[in-house]
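Letters A, B, ... mirror the listed sequences (proteins, then strands); counts begin at 1. We use all heavy atoms of the structure for the numbers below, so side chains are in, but hydrogens, waters and symmetry mates are not. Just so you know, these numbers come straight off a predicted model, no measurement behind them.
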Amino acid sequence: MNPHADTIVADAAGNFPAQSLALPASGPLSAPAPTHTADPDQPSAAVAGWAWRTPLGNHSEIILPRLLAGERAARINPRFDASHYACTLAASIDTAPGMARQRRYLRRMGLYACDVAQEALAHAALRSGEPGGSGMCTPERLGLFFGYGGLRAHWDDLMPAFEQQQADADGAWQHGLTLLHPFWMLQHLSNNAHAIAAQELQARGDGATYGGANAGAQALAAAIRALAVGAVDVALVVAYDTLIEPEMLVELAARGVLNCAREAASVAAPYAASACGFIPGEAAAALVLQRPQPGSLASVQALAAGDGSAQEAQAATLARLASKLARPGDWFDGAGLAESGFDLLERQALARIKGSDTPLTCTLSAMGQTGAASSLVQAIALLELLQRQMLAPVAGLAQVVLGPMQVLTQATPCSARGAVALASGAPGLAAAVRVSLE
Amino acid sequence: MSARQQVVITGAGVVSPFGLGLPALFDGLRSGKSAIAPIRWFDASAFPAQVAGEVPCDLHDGGICHAWLQAALAQTVPPAMQNLAMVSTLARYAAIGAWRDRKTVFGLLAALEAWHMAGLSTGPATLSALPPDGIGLVLALGLEQGFLQDFGPVFTGSAIDWQVVPPRPGIVYRAEVDLCAQLLTDVLPLHGVQMINVSACAAGGLAIAQAASLIERGAASMVLCGGADSMLNPLGLGGMSRLGAPSPRNTFDACRPFDTRRDGLVIGEGAAMLLLESADNARARGARVLARVLGHGSTQDAWRVTAPRSDGSSAARAMQQALAHAGLPASKVDYINAHGTGTPLNDVAESRAIASVFGAHTPPVSSIKGAIGHLMAASGAMEAAACLLPLLQDVLPGNCNLQQKDEQCEVNLIGAQPVLLAGVAAAGQSACDATANAADAPLALAPANQVGVGDPAQVAAGVQVVLSNSFGFGGQNVALLLGRAE
């Protein structure tokens, strides 16, 4: 019996040889072992502007002091009564989004996405000395790349349509679907925010909407590639997501990944011995990118990959991505899943790349897990922290569980010029983003 | 920047309303028949739209039957592909109810067919020869499927009581947007770049363009790409019906692209996957090349959310970008596979766009949506796979159901039946296997057909270059240029 044969053959009784059963629990093979040298061919883009809406605030001058103070945005869920849910806490955006007639097809997070898209572009135009924005590029050369976390269907809106439905959905049309709002589908289409932002900003170039828990990183990577090949001259990258929806809380609780503390002060932070789940959050963030050029403030790189569904695969994939981007002197912003097993695997995997003394913080410990928006939120946080030459602590972390990496429990000065942020989605795909000052 | 890598297609897999596999799609298109039929898997008799391009499959507990999937696998790929790890993984996904999301099953089958056709396996022979950057995955997926039947048991009064124990374990209420990608990543060694595109009706074409772009600039040497979608469920059909998008006819010819009587689309479902790789990589491993990806273009209307630009200018720009990317003049295109939804607005806007690029004498144009319906996020990928028919067998699909050409659609429309070139099997006979040496068949011009087919000398050389359009909700436009294998 050749254990490496492509075909495993049963005997006449239908039994497989015992040797052939020693196969990976999931997936055909583990991901390749991480290398320890950054990939010099990874393209980068210059950061020209940014904007964000987060549970810690809507502007950097508000957010950064709170981040450096180790504040956490987690509190009793303000979005709806979750008192009887497994997870009662959430980190939500406190302000209302902007509204306009052409945005009538959008729901809440899509509205935030359009807000940050406009604001980021205005920020970039201002920084470039073109307040009107007309000089940055022509509409045909402005690309729009969106990251969308998934259908957050606001099922309560569908009550009239659902109320009389049968358990087997028999007779669905006459039992209520006739009562669906005519534009229900438009309101929940995956790329409606992209379409409306394109209309508002007259972005007529290349672009797409990406989906999934690491969609922000996907959008960022796609935008960087589009710039590199000359498909666009300016790329606006927007990502938005909320995990604070009833069906998301039910699903994530069923997976056992949410923190079930009843008080925010009781939430164990990532990398704590008692870490037992993350806080669901939400965010919308946007970055304006151009091709690398002299005088730019910072550059960004991004990678997104699949990691299967096994925990080991998740940490190994994150390390593999990080190894392609990280350079000497970089610090890390961890995925912040706050699950003791994963947290340790993550630290071990990163230590193999960059050594046990590399600083490790976690923006998402303060913001909550922000799904598809995570990579962009992290990228902006990294940019702001690098400029300030300060590392933020892991919010709420008093004592680090034994393990590698220099996990930060307080704000720390640091003169590093680059940092790498990791996101694992909840659940979903892996992502890594590197920001470096020019 | 180093020289641009050439991109070739070495594998293709399809699950369509015509059935399993690329040959089934080819057979269906060659027959000139419509796969549109009354919806079978749930009772749609009261819905305004009651017909669809439905993939024939067996059901269990509201999802695709695992036994049907196993049988489909046996039909699609050899037993050697189905190692214990795959069997175990599929059983795990079945146990959590993943097959309730129909497109996940379709995507899996299409991916495995493409994988196998490309000469890849799931055993050590393939795994040891993987490119250093891994094989990438660029997937177009449709809106997550909502499971209406899950909500009924959790009502309390007039509200959903989320605290009620879900009616079943595993996947409930709504499938994850990237469930299909998770499955493919668990089944196949896809450790390279991964992108999931949810740009609605343009997503499938964008996925192929994006995969090609990765290879062109050396960011990947092999990429599995394509799309999977199914809105064929009560909530999906209900939402589309309330929007007024589907044709109110409930006949097999409800979708009539470019016909003056057209009045809406017909929903279809399915998946199409292509294995793209660099020409160098294909040559090095001795892979058989099905076709080439010559160019692509992508633009955004930035006009209206629910309607395309009436002048088709942004769509035209996407086509022009694709031609420029390929370094080809418009005159080299032998066939255009149109987006052609059969809606009043799209078809005339697209015609204007085509005419503005190709002039008064456009290449032959057809849409396959009359035959299989609008596969939404998978449509661009399905239509790219359909473009292999002219490139491999010199058969141009017809505009199924076209009887009265809309004079506003000023393009060179193929009639309702496919255009057959002499030397190729006639309609009604079994099509050649997609990998057959179709080039060996003698070619000669058929007698004059319903529409002119362009330069006779050019046509006598066989179909060399085809253009495939996809236009999505919100004004996303993508154009793909595919070429015959060298």
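- A/E247 has no carboxylate O lying under 4.0 Å from a charged side-chain N of A/R152, or vice versa, which leaves the two without a salt bridge.
- For the pair B/L237/B/I39, a side-chain contact is recorded, criterion being any heavy-atom separation below 4.5 Å from C-beta on.
- Contact count against chain A (heavy-atom pairs under 4.5 Å) is highest for B/L148 among B/D150, B/T299, B/L148.
- Heavy-atom distances place both the backbone and the side chain of B/M240 under 4.5 Å from chain A.
- Within 6.0 Å of the CH2 atom in B/W303, the count of heavy atoms belonging to other residues, nucleotides or ligands does not exceed 12.
- Contacts with chain B were tallied for A/P182, A/A195, A/A198; A/P182 has the most, counting heavy-atom pairs under 4.5 Å.
- For chain B, the nearby parts of A/D206 are the backbone and the side chain; heavy atoms of each come within less than 4.5 Å.
- Neither the backbone nor the side chain of B/L141 comes within contact range of chain A, judged by heavy atoms closer than 4.5 Å.
- Within the 4.5 angstrom heavy-atom criterion, atoms from both the backbone and the side chain of A/A304 approach chain B.
- Most heavy-atom pairs under 4.5 Å with chain A, from the set B/G239, B/A318, B/G472, B/G474: that is B/G239.
- Contact of B/W162 with chain A is made through backbone and side chain together, with heavy-atom distances under 4.5 Å.
- Residue contact with chain A, scored on non-hydrogen atoms closer than 4.5 Å, involves the backbone and the side chain of B/I160 alike.
- Contacts of A/E200 with chain B are absent, with no heavy-atom separation under 4.5 Å from either backbone or side chain.
- Looking at B/E144, both its backbone and its side chain come within 4.5 Å of chain A, counting heavy atoms on both sides.
- Heavy atoms only, all atoms of each residue included: B/A479 and B/A322 are closest at O-CB, 3.7 Å.
- Checking A/F145, A/F146, A/Y210 one by one against A/H194, the ring pair (Phe, Tyr, Trp, His ring centres under 6.0 Å) holds for a single residue, A/F146.
- Contact annotation for A/Y148: only side-chain heavy atoms (C-beta onward) come within less than 4.5 Å of a heavy atom of chain B.
- If you measure heavy-atom distances from A/L303 to chain B, you find no contacts under 4.5 Å at all.
- Counting heavy atoms from C-beta on, the side chains of B/W115 and B/V77 never come closer than 4.5 Å.
- When the candidates A/A161, A/S190, A/A82 are compared by the number of heavy-atom contacts under 4.5 Å with chain B, A/S190 comes out ahead.
- Across all non-hydrogen atoms, the minimal contact from B/M376 to B/I267 is CE-CG1, 4.1 Å.
- No other option in B/S298, B/G142, B/S45 has as many heavy-atom pairs under 4.5 Å with chain A as B/S298.
- Only the backbone of B/D301 comes within contact range of chain A, with at least one heavy atom under 4.5 Å from a heavy atom of that chain.
- In this structure, B/D61 CG and B/R100 CZ are separated by 7.0 Å, a value rounded to the nearest 0.5 Å.
- Only the side chain of B/P166 comes within contact range of chain A, with at least one heavy atom under 4.5 Å from a heavy atom of that chain.
- Between chain B and the options A/L186, A/T178, A/T209, heavy-atom pairs under 4.5 Å are most frequent for A/T209.
- Note that CD of A/Q202 and CG of A/L144 are 11.5 Å apart. Values are rounded to the nearest 0.5 Å.
- When heavy atoms are compared at a cutoff of 4.5 Å, B/M231 approaches chain A solely by way of its side chain, counted from C-beta outward.
- With a 4.5 angstrom heavy-atom cutoff, A/R141 does not touch chain B via any of its atoms.
- Counting heavy atoms from C-beta outward, B/R4 and B/R217 have side chains that stay 4.5 Å or more apart.
- Listed options B/S213, B/G475, B/P48 were ranked by heavy-atom pairs under 4.5 angstrom with chain A; first place goes to B/P48.
- The choice from A/A217, A/A222, A/G205 that makes the most heavy-atom pairs within less than 4.5 Å of chain B is A/G205.
- Side chains of A/Q199 and A/Q102: a donor-acceptor N/O pair is absent below 3.5 angstrom, by distance only.
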| said: Walk me through whether B/V138 and B/V193 qualify under side-chain contact (heavy atoms from CB on, under 4.5 Å). | reply: CA-CA 8 Å; B/V138 182; B/V193 173; 5.6 Å; no
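- Under the 30°/60° scheme for interplanar angles, the aromatic rings of A/W173 and B/F47 are found to be tilted.
- Summarising the geometry of A/A219 relative to A/G147, their closest heavy-atom pair is CB-N, 4.0 Å, with the distance given to 0.1 Å.
- When ring centroids are compared, A/Y105 and A/F183 come within the 6.0 Å threshold.
- Seen from the ring of B/F147, B/R174 does not count as a face-on cation partner, given the 6.0 Å and 45° thresholds.
- Residue contact with chain B, scored on non-hydrogen atoms closer than 4.5 Å, involves the backbone of A/H188 exclusively.
- With a 4.5 Å cut-off on non-hydrogen atoms, B/A46 touches chain A through its backbone and its side chain both.
- Your options are B/L235, B/L179, B/L137, and the one with the most heavy-atom pairs under 4.5 Å with chain A is B/L235.
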| Chi angles and distances behind the salt bridge (charged side-chain N to carboxylate O under 4.0 Å, His left out) call for B/R92, B/D186 | CA-CA 11 Å; B/R92 182 161 50 85; B/D186 272 345; 3.8 Å; yes
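- Here B/V177 is the residue among B/V177, B/L190, B/L183 with the most heavy-atom pairs under 4.5 Å with chain A.
- Of the two parts of B/L243, the backbone and the side chain both hold a non-hydrogen atom closer than 4.5 Å to a non-hydrogen atom of chain A.
- Using a 4.5 Å cut-off between heavy atoms, B/V198 touches chain A through backbone and side chain atoms alike.
- For B/Q82, no part lies under 4.5 angstrom from a heavy atom of chain A.
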